[in-house]
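To start, the structure under review is shown below, and the notes come after it.
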Amino acid sequence: MAKKDFQLNDIVEMKKPHPCGENRWKIIRMGADIRIKCMGCDHSALLPRRRFETKMKRVLERADTE
(Lines give C-alpha, C1' and ligand atoms only; values in the text may rest on other atoms or scores of the structure.)
Protein backbone atom coordinates (compact mmCIF):
# COMPACT_ATOMS: atom_id res chain seq x y z
CA MET A 1 0.00 0.00 0.00
CA ALA A 2 1.37 3.41 -0.95
CA LYS A 3 2.08 5.94 1.77
CA LYS A 4 -0.52 8.68 1.85
CA ASP A 5 0.79 12.18 1.36
CA PHE A 6 -0.75 14.89 3.54
CA GLN A 7 0.44 18.02 5.32
CA LEU A 8 -0.69 20.67 7.78
CA ASN A 9 -3.86 22.61 6.79
CA ASP A 10 -4.90 20.09 4.10
CA ILE A 11 -8.60 19.26 3.83
CA VAL A 12 -9.04 15.48 3.88
CA GLU A 13 -11.92 13.05 3.47
CA MET A 14 -12.28 10.29 6.04
CA LYS A 15 -13.79 6.86 5.39
CA LYS A 16 -16.76 7.46 7.72
CA PRO A 17 -18.61 10.78 8.08
CA HIS A 18 -18.79 12.69 11.37
CA PRO A 19 -22.15 12.39 13.24
CA CYS A 20 -22.98 15.95 12.12
CA GLY A 21 -23.03 14.63 8.53
CA GLU A 22 -19.83 16.30 7.26
CA ASN A 23 -17.01 14.22 5.77
CA ARG A 24 -14.42 17.00 5.32
CA TRP A 25 -11.74 17.50 7.97
CA LYS A 26 -8.87 20.00 8.23
CA ILE A 27 -5.50 18.88 9.62
CA ILE A 28 -4.64 21.41 12.34
CA ARG A 29 -1.75 19.67 14.16
CA MET A 30 0.82 17.10 13.09
CA GLY A 31 3.30 15.04 15.05
CA ALA A 32 3.12 11.54 16.54
CA ASP A 33 -0.60 12.33 16.87
CA ILE A 34 -2.68 14.23 14.32
CA ARG A 35 -5.45 16.66 15.29
CA ILE A 36 -8.21 17.17 12.77
CA LYS A 37 -11.15 19.59 12.84
CA CYS A 38 -14.57 18.89 11.35
CA MET A 39 -15.45 21.48 8.70
CA GLY A 40 -19.15 21.18 9.57
CA CYS A 41 -19.36 21.67 13.34
CA ASP A 42 -15.74 22.63 14.29
CA HIS A 43 -15.35 19.57 16.56
CA SER A 44 -11.73 18.44 16.81
CA ALA A 45 -10.35 14.94 17.29
CA LEU A 46 -6.85 13.71 18.12
CA LEU A 47 -5.79 10.46 16.45
CA PRO A 48 -2.53 8.53 16.53
CA ARG A 49 -0.76 8.91 13.17
CA ARG A 50 -1.12 5.24 12.24
CA ARG A 51 -4.88 5.23 12.94
CA PHE A 52 -5.32 8.49 11.01
CA GLU A 53 -3.51 7.05 7.97
CA THR A 54 -5.79 4.00 7.92
CA LYS A 55 -9.00 6.05 8.32
CA MET A 56 -8.13 8.79 5.81
CA LYS A 57 -9.58 8.22 2.35
CA ARG A 58 -7.97 11.00 0.31
CA VAL A 59 -6.81 14.61 0.29
CA LEU A 60 -9.50 16.92 -1.11
CA GLU A 61 -7.65 20.27 -0.99
CA ARG A 62 -3.96 20.92 -0.61
CA ALA A 63 -2.77 23.69 1.72
CA ASP A 64 -0.92 26.65 0.22
CA THR A 65 2.77 26.04 0.83
CA GLU A 66 3.90 29.54 -0.12
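This structure is a prediction, so every number in the text was calculated from the model and none was measured.
- Taking every heavy atom of both residues into account, K26 and M39 meet most closely at CB-SD, 3.6 Å.
- Annotation: ring pair (Phe, Tyr, Trp, His ring centres under 6.0 Å) contacts involving residues 22-41, sequence neighbours excluded, comprise H18-W25.
- In terms of hydrophobic clustering, with Ile, Leu, Val, Met, Phe, Trp and Tyr side chains grouped at heavy-atom distances under 4.5 Å, L47 and M56 are assigned to a common cluster.
- Linking ILVMFWY residues whenever their side-chain heavy atoms come closer than 4.5 Å, directly or via other members, places I36 and M30 in the same cluster.
- Closest approach of E22 and G40 over heavy atoms only: CG-N, 3.6 Å.
- Partners of R50 under the salt bridge (charged side-chain N to carboxylate O under 4.0 Å, His left out) rule, at least two apart in sequence or in another chain, do not exist in this structure.
- One hydrophobic cluster, built from ILVMFWY side chains closer than 4.5 Å, holds both I34 and V59.
- Atoms CG and CD1, from L8 and I28 in turn, are 9.0 Å apart once rounded to the nearest 0.5 Å.
- Scanning for side chain to side chain contact (heavy atoms under 4.5 Å, CB included) contacts around R29 gives D33, R35, L46, with sequence neighbours left out.
- Rounding to the nearest 0.5 angstrom, the gap separating the CZ atom in R58 from the CG atom in D10 is 13.5 Å.
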Legend entry - Working for side chain to side chain contact (heavy atoms under 4.5 Å, CB included), residues K55 and K16: CA-CA 8 Å; K55 294 197 174 279; K16 292 187 178 180; 5.8 Å; no
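- Heavy atoms only, all atoms of each residue included: C38 and C41 are closest at SG-N, 3.6 Å.
- The CD1 atom of I11 lies 8.5 Å from the NZ atom of K37; values are rounded to the nearest 0.5 Å.
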Legend entry - Derivation of the side chain to side chain contact (heavy atoms under 4.5 Å, CB included) call for V12 and I27: CA-CA 8 Å; V12 297; I27 300 173; 3.9 Å; yes
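- For CZ of R62, the number of neighbouring non-hydrogen atoms (other residues, nucleotides, ligands) closer than 6.0 Å is greater than 12.
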